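One structure is given below, encoded as structure tokens.
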Amino acid sequence: METKYDPKQIELKWQDIWQERQLFQVREDPDKEKYYLLEMFPYPSGNIHMGHVRNYTIGDVVARYKRMKGCNVLHPMGWDAFGMPAENAAIAHSVHPAKWTYENIETMKSQLKRLGFSYDWDRELATCQPQYYHWEQWLFVKMLERGMVYRKRSSVNWCQDCQTVLANEQVEAGLCWRCGNVVVQKELDQWFFRITDYADDLLEYCDNLPGWPDKVVTMQKNWIGKSVGAEIYFPLEKSGDHISVFTTRQDTVYGATFMCMAPEHPMVLKLSAGTPQEAEVRAFVERMARQDKAKRTSEDYEKEGVFIGTYCINPFTKRRMPIFTANFALMEYGTGAVMAVPAHDQRDFEFARKYDLEIVVVIQPEGATLDPETMTEAYVGEGLLVRSPPFDGLKNVKALDAIADYLQDKELGKRAINFRLRDWGISRQRYWGAPIPVVYCETCGVVPVPEKDLPVVLPEETHMLEGGRSPLPTLESFLTTQCPRCGNARARRETDTMDTFVESSWYFERYCSPRHVEGMFDKEAVRYWMPVDQYIGGVEHAILHLLYSRYFTRVLKDFGLVDYKEPFTRLLTQGMVCKETKKCPDHGFLYPEEVVQREGRPTCKHCGRPVEVGRIEKMSKSKKNVVDPNLLMEKYGADTLRLFCLFAAPPERDLDWSDQGVEGAYRFLNKVWRLVSDHVEVLKGIEPYDGGQELDGESKDLYRKTHQTIKRVTTDIDTRFHFNTAISAVMELVNTIQALRVDLCSDATGCAVLRFSLETTVVLLSPLVPHFADELWEALGHTGSVLEVFWPTYRQEAIEEDQILIVVQVNGKVRSRFQVSADTDEERIKAAALADERVVARLAGRPVKKLIVVQNKLVNIVV
RNA sequence: GCGAGAGUGGCGAAAUUGGCAAACGCACUGGACUUAGGAUCCAGCGGCUUCGUGCCUUGCGGGUUCAAAUCCCGCCUCUCGCACCA
């Protein structure tokens, strides 16, 4: 055995062996317990970053651990390969998106292999392959036939920079989630998935996800945003028509004194036509349309609106209500119109004060009287209804139901439920995506591409256009086609592609039978493997990807393709990888080498000004605080990198990068290496101790410690995924071995225990640092990989200490401690505690009021 | 504003159910070995201290309890998510 630990050499060696022996390839085996472990697949951006390393290391530990526990583990990897960066790169470097993507996949694949991850590479898939998106198109057509997809001209979120539409989920505070530019509204014909049909079910099942973090479940619930209330019809004063509003506060309807409509509401211009206010209204509506939504909803908090010149009637009070169009009314929520109850809604209150509108109190809090003249804010609390015949005196919470029933009876409205969730717009005006399989014919209209003509292959013989526009609408060979229904030769293909989130909504099913050619997947394979037992990924996908996947699974279930509703049984959202940033007031973020020490303080290399250090932020290129995994692997090897990522923090928490911490991980591996290499000769031919003859003294201590460590590591990995504490447990064991080894080597039993402990150390470390463990395992005289060894079990009787430390407290403060043998009964312990000389001194003769004994742990004497 | 989570040494963090606060590691200090040490090994390492093993210490203030980092009430700070949602 080499005396020096040479990570690179052994890592490459074992990676070859694993590959050759196909250790990670799996197939369905009904005799074995299955375990589907999935990490979110990466976008092939070109290089793996530390976030990937952390995510995939966590997954790999679990996968290897489960294999050693005897499970049949599916652990696949693939590529979320469609998307815009490929197009941007194509424009910037004049290279085809496909070429760019496939080259990146090759690079990143070799990096993942270099890290020693145990993937079944036979199942690798890339979503840009026609064999993959073929089945997505197939499903789209099926959904279209069933009315689960529809086309609608609508105002959509448009990013000028990305030249595409964005889903609501992809707009963050009015900015594009990808490029950060302002999102504007644009009218376009778009395809939508009816995700809202599943809103209730998606919401309800949030409570059936015990394996998910509360945080993610809450975010999903909030995003779906269910509101229970009523729709109420307000007749117009001068026509038979009415305005419909959605409200959750129908109990306050008697206090509705005016009406607010979104500027986009189609009735606004119609109703103001011919009134003196027409021009003003038109100007307001146009101004709102120009104003981007980010401004209108966040910065510009000021409520404003204009009277549109007509009135409607409150059907409950017969009051004449002026109709306004107001900036705070949103066309996308409810009906786009709001009944304003200024006494009981803060927004309406402010609006009423500003435009001097009537405020009518209809809910009185108990024991107080509200006066509209003197109120300074709306009263939104509970109370009794007033001025609301026949509901006066009713508690407002009860009135919600009573008035909803009344509405329904008198046909003044109906009970209604409203969701924040909108249908999922999937059309993207981009090239690098899966074509939407639809043809437009002059005579037949919208015609889905028939099953036999699928897939509609994205033409690759093209070049990108400047500004990021899709070349598809200009590509005659793609655009013009025969109508599949009537044969008209001048039909046109849909040139939009699908949102890439569609691909990532079913890739986990595809992994079960990735080469299946007769459908999306082999139903039997899916029945065996799905659902995913453990899913691991970044919290940034807590809403988007996870919600879409849950929705997609329901669609598949409705088609009878799967028999479960929830795709992911357990979810782990790992924290971010962070590092200190360095920032110069003039030059912005700096790389570490741009910072020089001057007079003991960090200063900017370019201007000499003091640099702000110490802010820990998520690693990103723009903040210049990234660490390149490749360099670290070159220097320390993959195992050190893995070990550090696992040790520095529990997985769900953010990880603060520390170069010195990496050094420490490397040192630990070297220490274990030396420990083994120092004893390899002595231990040759010695069998590991297996509990035969009685042990005593140090060999017994070490044997006990070893079993205790097995227990700790097993529970830490199995029940909590707390690899950091698992590693510290092994470190303790290693420290113990280190301290005792010289004495142990003096007799045969000691040597046997030493071998047992060293081998256990290697086995326990193997999921974390697999190459390292395999090399030591071999050095200790074994053949094959530790992966094929069963995970060790501990013996309860070996764990138990014969001596127990009893802590003695007086009035809750620790005053003494003593050892007793493990079988000492309570009375003897009490007596020993009271006889303890430190305790006696403390008591100073005071009478004992109470004596509490905690079995095997502690005595508390109260005086 | 609403919702969720977090706050423990110089730092990353430990502390199954309320039962010795600070395991493990990083950094630091001293020693050994050494031509050398940025390798390795050994020891120390929350604060105060009259060095007695004495007092204090888990964001702040209360409470429950024999006993609280842990449970309850109030407050502060930070992070994340949603945000004019009718």
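Fair warning: this is a prediction, and the values are worked out from it, not measured in the lab. Every chain is numbered from 1, with letters handed out A, B, ... down the list of sequences.
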Tell me, with the steps shown, if A/E801 and A/Q819 meet side-chain hydrogen bond (donor to acceptor under 3.5 Å, both in side chains).
CA-CA 11 Å; A/E801 307 269 358; A/Q819 298 269 351; over 6 Å; no
Quick one: [atom1] on [X] to [atom2] on [Y], what's the gap to the nearest 0.5 Å?
| X | Y | atom1 | atom2 | value |
| --- | --- | --- | --- | --- |
| A/K579 | A/E617 | NZ | CD | 12.5 Å |
| A/M219 | A/W212 | CE | CH2 | 11.0 Å |
| A/W223 | A/R422 | CH2 | CZ | 11.0 Å |

Does CZ belonging to A/R838 count more than 12 external heavy atoms closer than 6.0 Å?
no
Between A/Y666 and A/Y5, how do the two ring planes meet: parallel, tilted or perpendicular, split at 30° and 60°?
tilted
Set out, in order, the CA-CA distance, both residues' side-chain angles and the distance that settles side-chain hydrogen bond (donor to acceptor under 3.5 Å, both in side chains) for A/N735 and A/K671, then state yes or no.
CA-CA 10 Å; A/N735 291 343; A/K671 186 174 183 172; 3.1 Å; yes
Take atom [atom1] in [N] and the same atom in [M], then report the distance between them in whole Å.
| N | M | atom1 | result |
| --- | --- | --- | --- |
| B/C24 | B/A15 | C1' | 12 Å |
| B/U70 | B/G38 | P | 44 Å |
| B/G7 | B/U17 | C1' | 24 Å |
| B/U77 | B/U8 | C1' | 15 Å |
| B/A43 | B/U53 | P | 23 Å |
| B/C33 | B/C45 | P | 23 Å |
| B/G47 | B/U58 | C1' | 14 Å |
| B/A23 | B/A13 | C1' | 10 Å |

Pair partner, [N] [Watson-Crick or wobble, under 3.5 Å]:
| N | result |
| --- | --- |
| B/G44 | B/C28 |
| B/G1 | B/C82 |
| B/G7 | B/C76 |
| B/C71 | B/G63 |
| B/C20 | none |
| B/G38 | none |

On a heavy-atom basis, which atom in [X] and which in [Y] lie closest, and how many Å separate them?
| X | Y | value |
| --- | --- | --- |
| A/A337 | A/S244 | CB-O, 3.8 Å |
| A/Q796 | A/Y794 | OE1-CE1, 3.6 Å |
| A/L572 | A/I58 | CD2-CG2, 3.8 Å |
| A/A378 | A/Q346 | N-OE1, 2.9 Å |

Identify whether the glycosidic angle of B/G9 places it syn (within 90° of 0) or anti.
syn
Less than 3.5 Å between a donor and an acceptor, one on the side chain of [X] and one on the base of [N], is that the case here?
| X | N | result |
| --- | --- | --- |
| A/R817 | B/C20 | yes |
| A/K303 | B/C84 | yes |
| A/N860 | B/C66 | yes |

At 4.0 Å (heavy atoms only), tell me whether [X] reaches a base, stays on the sugar-phosphate, or touches nothing.
| X | answer |
| --- | --- |
| A/D654 | sugar-phosphate |
| A/N670 | nothing |
| A/L655 | nothing |
| A/N724 | sugar-phosphate |
| A/V862 | sugar-phosphate |
| A/P213 | nothing |

Nearest whole angstrom, please: distance from the [atom2] of [N] to the [atom1] of [X].
| X | N | atom1 | atom2 | answer |
| --- | --- | --- | --- | --- |
| A/M288 | B/C84 | CE | C1' | 13 Å |
| A/I403 | B/A86 | CD1 | C1' | 16 Å |
| A/M219 | B/U79 | CE | C1' | 13 Å |
| A/D345 | B/A86 | CG | P | 9 Å |
| A/R653 | B/C78 | CZ | C1' | 14 Å |
| A/I804 | B/C20 | CD1 | C1' | 15 Å |
| A/R249 | B/A86 | CZ | P | 11 Å |
| A/Q738 | B/A43 | CD | P | 10 Å |

OP1 or OP2 of [N] under 4.0 Å from side-chain N/O of [X]:
| X | N | answer |
| --- | --- | --- |
| A/N735 | B/G25 | yes |
| A/S227 | B/A86 | yes |
| A/R420 | B/A83 | yes |
| A/R712 | B/U16 | no |

Strictly below 4.0 Å, N to O, side chains only: are A/K830 and A/E827 in salt-bridge contact?
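Yes, A/K830 and A/E827 are salt-bridged.
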Is it true that A/D654 and A/K618 make a salt bridge, defined as a side-chain N closer than 4.0 Å to a carboxylate O?
no
All N/O pairs under 3.5 Å across the protein-nucleotides 52-57 of chain B interface:
unit_1 : atom_1 : unit_2 : atom_2 : d
B/G54  : OP1    : A/R842 : NH2    : 2.9
B/C55  : OP1    : A/R815 : NH1    : 3.2
B/C55  : OP1    : A/R815 : NH2    : 3.3
B/C55  : OP2    : A/R815 : NH1    : 3.2

A/L547 vs A/L421 side-chain heavy atoms within contact, under 4.5 Å
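Yes, at least one pair of side-chain atoms sits under 4.5 Å.
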Without hydrogens or angle criteria, can the side chains of A/D423 and A/T196 be said to hold a donor-acceptor pair below 3.5 Å?
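Yes.
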What are the atom names and distances for every N/O pair under 3.5 Å that joins the protein to nucleotides 26-31 of chain B?
unit_1 : atom_1 : unit_2 : atom_2 : d
B/C26  : OP1    : A/R667 : NE     : 3.2
B/C26  : OP1    : A/R667 : NH2    : 2.6
B/A27  : OP2    : A/R667 : NH2    : 3.1

Go nucleotide by nucleotide along RNA chain B from the 5' end; which of A/F419 and A/D214 gets its closest nucleotide reached first?
A/D214
Does A/T218 or A/G336 map to a spot on RNA chain B nearer the 5' end, using the closest nucleotide for each?
A/T218
Within residues 640-648 of chain A: residues closer than 4.0 Å to RNA chain B (heavy atoms)
A/F647, A/A648
Measuring centre to centre across the rings, with the benzene-like ring taken for any Trp, is A/F324 within less than 6.0 Å of A/F351?
yes
